[in-house]
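Structure first, then comments.
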Amino acid sequence: MKNGVFDLKVPNSEKLVRYGFSNNGDLYTYKKKIMDGRFEMSVDIRAADGGVTTEVVDLCTGDPYTLHLIAEADGAFIGAVRAEYGCVLKEIADNCFERDVFKSDIAHKVIKYVSDKYGDELQYLWKNFPTNAVWRRKDNGKWYGALLVLSKRKLGFDSDEVVEIIDLRIDPDVLPSLVDGSRYFAGYHMNKKKWFTMCLDGSVTAEEVCGWIDKSYEIAAKG
């Protein structure tokens, strides 16, 4: 099922059960009456791949109701069904799913590193840019890292391959000797005198990235 509320998200099985889903192997099922009890809405979620399927049944006839899924279908009643259906899905997405934007092993390692060491989680600040996220210090609110997804061409490569990157603060005196255009780059969408960028594609090890995160965290303390 195509629905924007589940984009870049994966289900959390424990949250699904707490919310009221029943579990049958890999399939989690939730049922709710909508439209003052006239319809029953079923939501099935596959734990293996996060796939979501839905069905709305007219309890008066026992037949599936589908008009709310047809974009061209109009009318106050259809609109009301569509709105209530959407609200149910959004509530499930908000309560039972987690963000799953960054896929690489290195991204997962550095996200866990920051969470374990500093207790900070990525913050997704821009609705129109769902693959951009930042870390910031709790004491002064200063950013000390950003994760983004973009085309390698934007870093100067002759390639449209999509890559995950990390932006970090750096001592301006160190930056000129570090940037090499292959492993280290001037900060993407950041102050290019105070930030630098690395690709999370293995060109720099996770351990090295974490070391740079620590330095960036310290620099951010100074404002």
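No experiment lies behind these values; they were computed from the predicted model shown.
The number of heavy atoms from other shown groups lying within 6.0 Å of NZ (Lys192) is above 12. Annotation: Asp105, atom CG; neighbour count of heavy atoms from other residues, nucleotides and ligands within 6.0 Å does not exceed 12. In the displayed structure, Lys152 atom NZ is contacted under 6.0 Å by more than 12 heavy atoms of other residues, nucleotides or ligands. For NE2 of His189, the number of neighbouring non-hydrogen atoms (other residues, nucleotides, ligands) closer than 6.0 Å is 12 at most. By the 6.0 Å contact criterion, CG on Asp36 is open, its count of non-hydrogen atoms from other residues, nucleotides or ligands being 12 or less.
Applying the side chain to side chain contact (heavy atoms under 4.5 Å, CB included) rule to Cys210 yields the partners Val110, Tyr113; only residues at least two apart in sequence or on another chain are considered. For the ring-ring contact (aromatic ring centres under 6.0 Å, His included) test, residues two or more places apart in sequence or in another chain that qualify with Phe185 are Phe157. Qualifying ring-ring contact (aromatic ring centres under 6.0 Å, His included) partners for Phe21, counting only residues two or more places apart in sequence or in other chains: Tyr30. Legend: residues meeting salt bridge (charged side-chain N to carboxylate O under 4.0 Å, His left out) with Glu121, ordered by chain and number and at least two apart, are absent. Partners of Tyr188 according to the ring-ring contact (aromatic ring centres under 6.0 Å, His included) rule, which considers only residues two or more places apart in sequence or in another chain, do not exist here. Residues meeting the salt bridge (charged side-chain N to carboxylate O under 4.0 Å, His left out) test with Asp139, sequence neighbours left out: Arg137. Scanning for salt bridge (charged side-chain N to carboxylate O under 4.0 Å, His left out) contacts around Asp158 gives Arg153, with sequence neighbours left out.
Between the side chain of Asp120 and the backbone N or O of Lys138, no donor-acceptor pair lies under 3.5 Å. The backbone N or O of Gly25 sits less than 3.5 Å from a side-chain atom of Asn23, completing a donor-acceptor pair.
Placement of Val88 and Phe97 within a single hydrophobic cluster is found when ILVMFWY residues are connected by side-chain heavy-atom separations under 4.5 Å, directly or transitively. Val56 and Phe77 fall within the same hydrophobic cluster, defined by Ile, Leu, Val, Met, Phe, Trp and Tyr side-chain heavy atoms under 4.5 Å apart, directly or through other members. Hydrophobic clustering (side-chain heavy atoms under 4.5 Å, transitive across Ile, Leu, Val, Met, Phe, Trp, Tyr) groups Leu69 together with Val81. In this structure, Leu168 is a member of the same hydrophobic cluster as Tyr184, with clusters built from ILVMFWY side-chain heavy atoms closer than 4.5 Å. Cluster annotation: Leu89 and Ile78 are assigned to the same hydrophobic cluster (Ile/Leu/Val/Met/Phe/Trp/Tyr, side-chain heavy-atom contacts under 4.5 Å, transitive).
From Asp58, atom CG reaches atom CG of Asp63 across 7.0 Å, with rounding to the nearest 0.5 Å. Between Tyr144 atom OH and Ile213 atom CD1 the span is 7.5 Å, to the nearest 0.5 Å. Separation of atoms CD1 (Ile92) and CG (Leu16) is listed at 8.5 Å; rounding is to 0.5 Å. In this structure, CG on Leu8 lies 9.0 Å from CZ on Phe102, to the nearest 0.5 angstrom. Remark: Lys142 NZ to Ser216 OG distance equals 12.5 Å, nearest 0.5 Å. Rounding to the nearest 0.5 Å gives a distance of 15.5 Å between CG of Asn132 and NZ of Lys127.
In terms of heavy atoms, Trp212 sits closest to Ile170 at CZ3-CD1, 4.0 Å. A pairwise comparison of heavy atoms in Ala220 and Arg169 identifies CB-NE, 3.7 Å as the closest pair. The minimum heavy-atom distance linking Leu155 with Cys199 is given by the pair CD1-SG, 3.5 Å. Residues Ala93 and Phe6 share a closest heavy-atom pair of CB-CE2, 3.8 Å. Across all their heavy atoms, Ile70 and Arg82 have their closest contact at O-NH2, 3.0 Å. Summarising the geometry of Asp201 relative to Ser203, their closest heavy-atom pair is OD1-OG, 2.7 Å, with the distance given to 0.1 Å.
Between Val149 and Glu164 the shortest side-chain heavy-atom distance falls below 4.5 Å. Proximity of Val101 to Leu122: side-chain heavy atoms (C-beta onward) are nowhere separated by under 4.5 Å. Counting heavy atoms from C-beta on, the side chains of Tyr217 and Val114 never come closer than 4.5 Å. Taking 4.5 Å as the limit, some side-chain heavy atom of Lys33 sits within range of a side-chain heavy atom of Leu59. Between Lys103 and Leu200 there is no side-chain heavy-atom pair separated by less than 4.5 Å. When side chains are defined from C-beta on, Tyr19 does not count as touching Tyr28, because their heavy atoms never get closer than 4.5 Å. Residues Leu147 and Ile111 have side chains in contact (heavy-atom distance under 4.5 Å, counting atoms from C-beta outward). The closest side-chain heavy-atom distance from Leu150 to Val163 is below 4.5 Å.
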Show every donor-acceptor pair shorter than 3.5 Å between a side-chain atom in residues 39-49 and any protein atom, with sequence neighbours excluded, or say none if there are none.
residue, atom, partner, partner atom, Å
Ser42, OG, Lys31, NZ, 3.0
Asp44, OD1, Thr29, OG1, 2.7
Arg46, NE, Asp49, OD1, 3.1
Arg46, NE, Asp49, OD2, 3.3
Arg46, NH2, Asp49, OD2, 3.3
Asp49, OD1, Gly51, N, 2.9

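Connectivity analysis of hydrophobic side chains (ILVMFWY, heavy atoms under 4.5 Å, direct or indirect) links Trp126 to Leu125, Phe129, Val134, Trp143, Met190, Trp195.
Pairs of residues two or more places apart, or lying in two chains, that qualify as salt bridge (charged side-chain N to carboxylate O under 4.0 Å, His left out) and include a residue from residues 205-216 are Lys117-Asp214, Arg183-Glu208. Legend: salt bridge (charged side-chain N to carboxylate O under 4.0 Å, His left out) pairs involving residues 14-24, not counting sequence neighbours, sorted by first then second residue: Lys15-Glu98. Residue pairs that meet the side-chain hydrogen bond (donor to acceptor under 3.5 Å, both in side chains) test with at least one member in residues 65-74, sequence neighbours left out, do not exist here.
For Tyr118 and Trp135, the distance between ring centers is not under 6.0 angstrom.
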